[in-house]
Asks: 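Quick one: structure below, then a few questions.
Residue numbering restarts at 1 for every chain, and letters A, B, ... go by the order of the sequence lines. Because the structure is a prediction, the values reported are computed rather than measured.
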Protein chains: 2
Amino acid sequence: MKPSNKPRIAVDAMGGDSGPSVVVPGAVEAARRHNLAIVLVGDESSISTELYKLDTTGLDISIVHAGDVAEMSEKPSEILRRKTDTSIQVACRLVKDGAADGVVSAGHSGATAACGMFIIGRIRGVKRPAFASVLPTVKKPMVLLDVGANVDSKPQHLFQFAIMGDVFARDVLGYNAPSVGLMSIGEEEGKGNSTVRKAFELIRDSAVSFRGNVEGRDVFTGDVDVIVCDGFVGNVVLKLSEGLGSSLGKVLKRELLGSWLGRIGTFLAKGRLKRFAKFVDYAEYGGAPILGLNGIVIVSHGSSNQKAITNAVKMGGQFVLSGANEHLKAALQADREILKAAG
Amino acid sequence: MKPSNKPRIAVDAMGGDSGPSVVVPGAVEAARRHNLAIVLVGDESSISTELYKLDTTGLDISIVHAGDVAEMSEKPSEILRRKTDTSIQVACRLVKDGAADGVVSAGHSGATAACGMFIIGRIRGVKRPAFASVLPTVKKPMVLLDVGANVDSKPQHLFQFAIMGDVFARDVLGYNAPSVGLMSIGEEEGKGNSTVRKAFELIRDSAVSFRGNVEGRDVFTGDVDVIVCDGFVGNVVLKLSEGLGSSLGKVLKRELLGSWLGRIGTFLAKGRLKRFAKFVDYAEYGGAPILGLNGIVIVSHGSSNQKAITNAVKMGGQFVLSGANEHLKAALQADREILKAAG
């Protein structure tokens, strides 16, 4: 590997439904547009074949061979126990060894999370790393976490999600004093279940700009920058949003094309309808970062297209450049007293 | 009150943001279109004023005076303790005394639930009554429950929600052998949190057509007829859906009206866009029934328009006519062994 001061992102070239043919050009595009060093991890020959088709002049791109892949049918625990040389394991070891700053994978998300957890490891003091997702809103993107790494979260986990979401929104999205909301089923303090009520008290005492409880309807208004919830709730919200966007798109299409006037109107408004489609297209927002690890790990959707890979790698670079993990460590240190006081 | 064999629905005339001026015409319309007897409960003089404006020839409409109202600022427990004569209390007592078959209220939903619970009472064997909501999908309406009556649900509660949702979908929506899904964060058995995993085993052994785990993305496809979840999750899903529908509508409008061609196209496609707007309009689907009580209680949104009230009253009539509560009792009896076996 060539030495370089750029953020260096290890990309699991074998991940995703289409593998190297989509991941390699997506990663190369990120290297060029966002001035990043890329390590492509996976089958050397397949990666070389894809790289050969592209112009990589002047880019810092290297290959690290990995002879195996994490199959979607395998459980994460089995992969960690029985295999050593899958592309995601090799990529995570590069981060552990300091040869890369972060990992992007569109492969087996459970395996990626497990490798992040057990190979790269948690930041000291982090109880539960969290999957964060950046969602479109009417105004500006919003961070939702956790979206699936943790179920049956305890109040102190939700508290740390608030701290991690705040740092991510500042450093990666560039928000100044982002507002943080706690997902509940009523805006007043005291609404929700017992876990949420206790988490409310903890977050209220932290340094984040706490907006108190928010509800499902607040997800897409853009009035709050970070929403904290248990991974079960967050995962349902994430998948529902993807599903509702696509369902509404289908209904809109059916209605518009169901009459002659509608068809003519649709033809004329095509450019604008495309911009609407972009709003509900999740590829715009790259991947879901796992926060709380000693290095950044970004999980992209298995069906990611080239643009989604580029955006996920870009997010990884921004994370590293901003020093987000150093800020997170400082924030966790500062808030340790709150957790201690709460027992 | 006149005797009649029609289902008799007590309507809280004081409920909702607009009170009698919206509720009374909505209820009268339901009486006419759906052949129902209506008891309007609330301030007699306000109700009479509204009724006077309408043609009620041949309709079975009566008034029962209630001198007080449940204020939105009051806690349900306070209302039950300190007041006796609010419109929702009087309406629920009519059901308890057999003078009405069901209640519709667009007022204080917490107070309505509490009055339903403590005045009308639970069906024997029902552990937790549930709020159900009928949501639009790409194909046909879908029942989601619980949407907010219960948080921290236990597996046996989710099990009974499945039984109640099945009966409601059959009797009120007219579905034959409705498919029932359990909300989780992965389709395979064993995914989800500990409560969901235990509920999975219980529902699998019941008489409902169990589809296993479903995910957030399945809510709007119409591929499953009933989705069961804890009230926290269901409430987030419900409010998110309302919010996302309206947010997408705003973005669509902004995009379409942002260019001349878009504006002309929009004008031409207007009729079709209106049908799309109808799809995301929750007034189409009336109110949220509370299932598991000795009589039907339907909670409508505070911002309900006349059409929403009419649809909620219609739903109440259908519930009574179909004998849904008798079917529910039989189903609960049949499934008692499963719960017993599970301890």
Asks: Quick one: closest heavy-atom pair of A/Lys239 and B/Ile185, and the distance?
Replies: NZ-O, 3.8 Å
Asks: Measuring only between side-chain heavy atoms, which start at C-beta, is A/Asp230 closer than 4.5 Å to B/Phe232?
Replies: no
Asks: What part of A/Val236 gets within 4.5 angstrom of chain B, counting heavy atoms only: side chain, backbone, both, or neither?
Replies: both
Asks: Only pairs of heavy atoms separated by less than 4.5 Å count here; which of B/Asn193, B/Val151, B/Asn235 has the most with chain A?
Replies: B/Asn193
Asks: Can you see which heavy atom on B/Ser241 is nearest to which on A/Leu240, and at what distance?
Replies: OG-CD2, 4.0 Å
Asks: Could you tell me which portion of A/Ser184 (side chain, backbone, both or neither) has an atom closer than 4.5 angstrom to a non-hydrogen atom of chain B?
Replies: both
